[in-house]
There are 2 protein chains.
Amino acid sequence: MTEQVDKINRQLISRGYKLTPQREATLRVLLENEQDHLTAEDVYLLVKNTYPNIGLATVYRSLELLSELHIVEKVNFGDGGARFDLRNEDQPHMHHHLICTRCGKVEEIKDDWLLPMEHRIMREYGFTVTDHRLDFHGTCQACAVEEKDASRKAVS
Amino acid sequence: MTEQVDKINRQLISRGYKLTPQREATLRVLLENEQDHLTAEDVYLLVKNTYPNIGLATVYRSLELLSELHIVEKVNFGDGGARFDLRNEDQPHMHHHLICTRCGKVEEIKDDWLLPMEHRIMREYGFTVTDHRLDFHGTCQACAVEEKDASRKAVS
DNA sequence: TTCTATGCAAACCATTTGCAGGTCG
DNA sequence: CGACCTGCAAATGGTTTGCATAGAA
């Protein structure tokens, strides 16, 4: 993980920014919670564990900086606050999400299924795609089971 | 267009709601601007032309009601305010968007290319998809031309 | 010193809510 | 009357900004 921090540090420097302790703490929280989709508030509370004096505004500023450098991706599931996903550099595009509308859990799909579609968009619309986002809404497996249980109970 | 209003009126009634003048005015604005992706504020200002006394809160409440009935779709492009798209009933799923990051224009794609993907998600993840959203970010044809012009000028 | 970054509090802005009146059946 | 609906104003909640200070080059 520290290699990743080093690497990002170099990215920051090459763009004229510094990896301050606050920025590093924020970054480490993101690295340690790569699977989750944290809100700014979540990140703030977690960073406070290792850096209690940090201000919420600084977390926002750090997250925005990391977004600019395409190190994290700011995503919006429509439920109030924005969330921040670490970007995986060996994946040129954002990963996709399965969002359960019942329990709110967000699962990730790592495959990138959309390249053929992007070529088609270029051909048919003359639109050069640089990025995309794809979210599916529905019911996750666990919730499907629970719903079946609930309806069975309702009948009996 | 009035047939559409009638139809939606019936949908409202069947769910126990009324098509009040305010709701109708809001709905008509959406029908008249089907191609645009209006924010709540946009809708508010347009409705005010035909119904000057309407309050912003009422517009929000009407839009929320229409969202619940799946007559309009609330979408969030990540630029501050939510936008509202009329849903096309012969399309079971949301249409897709091409969002130009240079001029901000939003184009629509009417095709639904994702059904095979949804079947695969069911098989591989046990996730029941009820809806999806797919947005592509990039440069539209017009902007691509302008950028080429700009770079040519820079060279000469 | 000079420029950047930080913490705090205040400001902002889209959206929601409380409430007192209004409408319709 | 009773249930729903509206307009207004106030509250809310996530995010941004102003500003004085602190730190690094």
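Residue numbers start from 1 in every chain, and the chains themselves are labelled A, B, ... in the order their sequence lines are given, proteins ahead of strands. Atoms considered below: every heavy atom in the structure, side chains included; atoms not considered: hydrogens, waters and symmetry mates.
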Closest to side chain of A:A40, choosing from D:dG7, C:dT15, D:dT15: D:dT15
In terms of the nearest nucleotide of DNA chain C, which residue is placed more toward the 5' end: A:G55 or B:F84? A:G55
From B:L98 CG over to B:L134 CG, what is the distance, rounded to the nearest 0.5 angstrom? 9.0 Å
Please state whether the phosphate of C:dG7, meaning OP1 or OP2, lies under 4.0 angstrom from any side-chain nitrogen or oxygen of A:T58. yes
In this structure, how many angstroms lie between the C1' atom of C:dT4 and the CG atom of A:L19, rounded? 14 Å
Carboxylate-amine/guanidinium proximity below 4.0 Å for A:R87 and A:D131: yes
Would you tell me if any nitrogen or oxygen in the side chain of A:T20 comes within less than 4.0 Å of OP1 or OP2 on C:dT6? yes
Grab the OH-P distance between B:Y17 and D:dT6 for me, whole Å please. 12 Å
In whole Å, I'd like the distance from the CG atom of A:N53 to the C1' atom of C:dA9. 16 Å
Classify B:Y51 by what it touches in the nucleic acid, base, sugar-phosphate, or nothing, heavy-atom distance under 4.0 Å. sugar-phosphate
Do other residues, nucleotides or ligands put more than 12 heavy atoms under 6.0 Å from A:Y125 OH? yes
Parallel, tilted or perpendicular: which fits the ring planes of B:H97 and B:H37, with parallel below 30° and perpendicular above 60°? perpendicular
Starting at atom CG of B:N76, determine the distance to atom P of D:dT15, rounded to an integer number of angstrom. 11 Å
Given C:dA5, D:dG7, D:dT15, the nucleotide with the shortest approach to the side chain of A:R23: C:dA5
Whole angstrom is fine here: how far is it from CG in B:L65 over to C1' in C:dT17? 17 Å
B/S/- along nucleotides 16-25 of chain D (protein heavy atoms under 4.0 Å) is BBB-------
One thing to verify: whether B:D135 and B:R83 come together as a salt bridge, which I'm taking to mean a side-chain N less than 4.0 angstrom from a carboxylate O. no
Under 3.5 Å: donor-acceptor pair, side chain of B:D6, backbone of B:E3: no
A:L63 CG to D:dG14 P, straight-line distance once rounded to whole Å: 15 Å
Rounded to the nearest angstrom, tell me the gap between atom CD in B:E24 and atom P in D:dC5. 15 Å
Looking at every strand, decide which applies to A:G81 at a 4.0 Å heavy-atom threshold: base, sugar-phosphate, or nothing. sugar-phosphate
How long is the straight-line distance from CZ of A:R23 back to CD1 of A:I54, given to the nearest 0.5 Å? 10.5 Å
Rounding to a whole Å, what distance do you find between B:L66:CG and D:dC5:P? 12 Å
